2 protein chains.
Amino acid sequence: MASLSREAFPPAVSIMPGSQRASRSVVVDLIAVLAAVTAGAPRVMTVAKGSALPSGPFELAHRSLQQGLRDWVEQQTHHPLGYVEQLYTFADKDRADADTAPRTISISYLGLTREHDAAEAGWHSWYEYFPWEDHRAGPPPVIAKVLAPALAAWAEAAPTAGMRSERRLRAAATFALDGARWNEELTLQRYEMLYEAGIVAERLRREGHSEEGGAGRPMIADHRRILATGIARLRAKIKYRPVVFELMPPTFTLLQLQRCVEAIAGRTLHKQNFRRLMEQQELVEETGGTTSESLGRPAKLFRFRHAVVEERALAGTKLPLAPT
Amino acid sequence: MASLSREAFPPAVSIMPGSQRASRSVVVDLIAVLAAVTAGAPRVMTVAKGSALPSGPFELAHRSLQQGLRDWVEQQTHHPLGYVEQLYTFADKDRADADTAPRTISISYLGLTREHDAAEAGWHSWYEYFPWEDHRAGPPPVIAKVLAPALAAWAEAAPTAGMRSERRLRAAATFALDGARWNEELTLQRYEMLYEAGIVAERLRREGHSEEGGAGRPMIADHRRILATGIARLRAKIKYRPVVFELMPPTFTLLQLQRCVEAIAGRTLHKQNFRRLMEQQELVEETGGTTSESLGRPAKLFRFRHAVVEERALAGTKLPLAPT
DNA sequence: GTGCTTATGCTCAGTATAAGCATATGCCAG
DNA sequence: CTGGCATATGCTTATACTGAGCATAAGCAC
């Protein structure tokens, strides 16, 4: 997590051919995927009536990109930004014919912030943009009703038999179409497949077609893809780093914590096992207090044990290590 | 793995303050961490006598950054690049006083290529740069002899008792100083800690001190940090994605495969368990042939089962899912 | 054949995970 | 003040996965 500042940079060792430097103007943007979980829904901060992620020019960055982003977000939202991580840098040529236009490089970041007022402007649920990603109440109907048939048609439209079967296999594995297990981490792959198959408005728009029939709410340019990248990253990260706590208030019940994870993962968890996991990993400790906001027996309040971050070097092996 | 090309980008929605665009010139570099495993050592492609990673200006990129990098590498090395992934984008201000100098953005990539002639120019073992990272023959002496004392001194030099104890804890966990388990994935954290503690030449150089006493072979600018990022990423990735095979010849024995993983991870594995893991995951299949290059019973030859990549959506849960 | 070397097969115990049962503790209606 | 309801929390069982080691197989050198 510690980040060294970049030191003086000597003339780059350019072995690559045709090293004509800085030949054309380059524009650098920052794009933020800002996430919070409120009222049981994972939300993302948007602008332009929910059609774009907040972005801005690079120059604002203070010491570092990360710090610039953090300052800006905290100023805008008045909520401290708990966790920031770089997502991806996009720099593909916009179009073949755009030789004269400046080339744009977009550096995207994922940021986590705490729960806040659910009605605050600009925050939208992830699942407006990706309705097929929320499996908390079972597989969403849109998959069987819209996506599966469209993906099947896309597979059949492939030129060769080999490609057809490969597409069928890939679609089935990615969307859990046959009995396969749903894998919530494949958010980006799913969006990319829908894009490839022409089932999202962004692709239809690009091809000059009507945007009718696109699944989920679209965004400007490739912002929805960037959001998918952020969701996928967060869904993966939550499993091996204690980042959920960045989304929680200082104290919380285990059920609240579970609901937060469920909102992000888009699936329901086994209550008792979740609680066992939290306890045995010693990620939380009781505050002593209890809450009785809802019906039923009052729940104990917990807080995150910041200490574990230092104590343990976290993360585990998956390799069959030899005894040392 | 599929990558959509970025589409036409409308005027960015700039909510950030002070949106004066393209105010100052920006230089964009690509930096490659190119890895291969030959003769039992993980190697990285370098230039300038091993003191820098290959880099070049951004303009060369063809359709996309990734494709540009791939073309360039294949042209240079005459070896196909198996796997390419973006590592990180560095864009911190070089120095406070560099207001007039162009700001440099470096986009780094990790690329894997197959085994080739061990003596080929430019390829150096990772462990020249990070001697403390190779634990295949037990913990390297440099840790106990050089790093541990220096880290202890660094911890004691902290101003408050709280910071001292925090540094001690962190150093112990990161370098497995007390009985703690070595975690090979912490390569980047370890390098950053050594930098912070002033035990690497890059830091000494920056502070205007003699570079004497720096641990491991240094590199230009922050190239060694980028290499550490690449190593850490590869060590983590190897555990949940079948990327090792990008480093192997088309057919191989299980022991060769194991040696390759060991070289990357910097630790030895349990032979039988490694073999069981490979078989139960169905990542490989027998070719029918055998080899008898060394002593002992000839080993069966295997090849990678490309099919699994499509069949399975890979990666697994770590959440206590509720029965659906 | 004997002995050396590596390959390959199999076992056993310890630990983690999935799933479900049982009990505790509050509130509320009557 | 009692029974019903709702949630919290504790505990058990079967199964899968892992770490570690033993045992056997199949080549080669002598």
Side-chain angles (χ1 to χ4, degrees), chain A residues 40 135 181-184 239-240 251-262 265 267-303 312 314-324, chain B residues 40 135 181-184 239-240 251-262 265 267-303 312 314-324:
Chain A
H135 286 232
R181 250 191 160 54
W182 175 258
N183 183 342
E184 73 279 355
K239 292 174 188 169
Y240 61 97
T251 70
F252 45 82
T253 70
L254 289 182
L255 187 59
Q256 285 167 348
L257 184 62
Q258 180 181 343
R259 294 287 179 244
C260 181
V261 175
E262 288 177 335
R267 4 191 12 176
T268 54
L269 307 180
H270 182 115
K271 195 170 179 175
Q272 296 91 328
N273 291 346
F274 177 81
R275 142 186 314 270
R276 177 181 58 192
L277 206 68
M278 286 302 116
E279 279 164 4
Q280 82 181 22
Q281 298 200 161
E282 298 180 287
L283 288 172
V284 295
E285 62 190 1
E286 300 184 17
T287 67
T290 60
T291 183
S292 51
E293 305 225 320
S294 58
L295 288 177
R297 173 174 171 177
K300 290 183 193 160
L301 284 171
F302 291 80
R303 75 168 72 90
R312 272 185 286 155
L314 295 154
T317 175
K318 200 54 151 74
L319 294 175
L321 296 175
T324 43
Chain B
H135 285 233
R181 249 191 161 53
W182 176 257
N183 183 343
E184 73 280 356
K239 292 175 187 168
Y240 62 96
T251 70
F252 45 82
T253 69
L254 288 182
L255 186 59
Q256 285 167 348
L257 184 63
Q258 181 181 342
R259 294 288 179 242
C260 181
V261 175
E262 288 176 335
R267 12 193 1 180
T268 53
L269 308 181
H270 182 113
K271 196 172 181 176
Q272 296 92 323
N273 290 346
F274 178 80
R275 142 185 315 270
R276 175 177 61 188
L277 205 70
M278 287 300 117
E279 279 163 5
Q280 82 181 22
Q281 297 200 162
E282 297 178 290
L283 288 173
V284 294
E285 64 190 358
E286 299 185 16
T287 66
T290 60
T291 185
S292 52
E293 305 223 323
S294 56
L295 288 176
R297 172 174 173 176
K300 291 185 193 159
L301 284 171
F302 290 81
R303 75 167 73 87
R312 271 184 289 153
L314 294 153
T317 174
K318 198 60 150 83
L319 295 173
L321 296 175
T324 44

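Predicted model, so just to flag it, every value in this text is computed and none were measured. First the proteins, then the strands, lettered A, B, ... as listed; each starts at 1.
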| query | D/dC17 P sits how many Å from B/F274 CZ, rounded? | reply | 18 Å
| field | Under-4.0 Å salt bridge between A/E262 and A/K271 | value | no
| task | Measure from CZ on A/R275 to C1' on D/dT12 and round the result to the nearest Å. | result | 17 Å
Please tabulate, one pair per line, each protein N/O and nucleotide N/O from nucleotides 10-17 of chain C that are separated by under 3.5 Å, including the distance.
residue : atom : partner : partner atom : Å
C/dT17  : OP1  : B/K318  : NZ           : 3.4

| task | Indicate yes or no for a side-chain donor-acceptor contact from A/E286 to the backbone of A/L301 under 3.5 Å, with no hydrogens or angles considered. | result | no
| query | Does the pair A/E279/A/R276 count as a salt bridge with the N-to-O cut at 4.0 Å? | reply | no
What protein N or O atoms touch nucleotides 26-30 of chain D N or O atoms at under 3.5 angstrom, if any, and at what distances?
residue : atom : partner : partner atom : Å
D/dA26  : O4'  : B/R297  : NE           : 3.3

| remark: With five pairs defining each end axis, the helix from C/dG1-D/dC30 to C/dG30-D/dC1 comes out bent, to 10°, by 10°
| So does A/K300 get a side-chain nitrogen or oxygen closer than 4.0 Å to the phosphate oxygens (OP1/OP2) of D/dA8? | no
| query | Which whole-number value in Å describes the distance from A/H270 NE2 to D/dG10 P? | reply | 14 Å
| said: Can you work out whether B/E286 or B/L321 has the more 5'-proximal nearest nucleotide on DNA chain C? | reply: B/E286
| said: Any salt bridge linking A/E184 with A/K239? Criterion: basic side-chain nitrogen under 4.0 Å from a carboxylate oxygen. | reply: yes
| message | Using a 3.5 Å distance criterion without hydrogens, assess whether the side chain of A/R267 forms a donor-acceptor pair with backbone atoms of B/L319. | response | no
| Should B/K271 be listed as having a side-chain N or O under 4.0 Å from OP1 or OP2 of C/dT8? | no
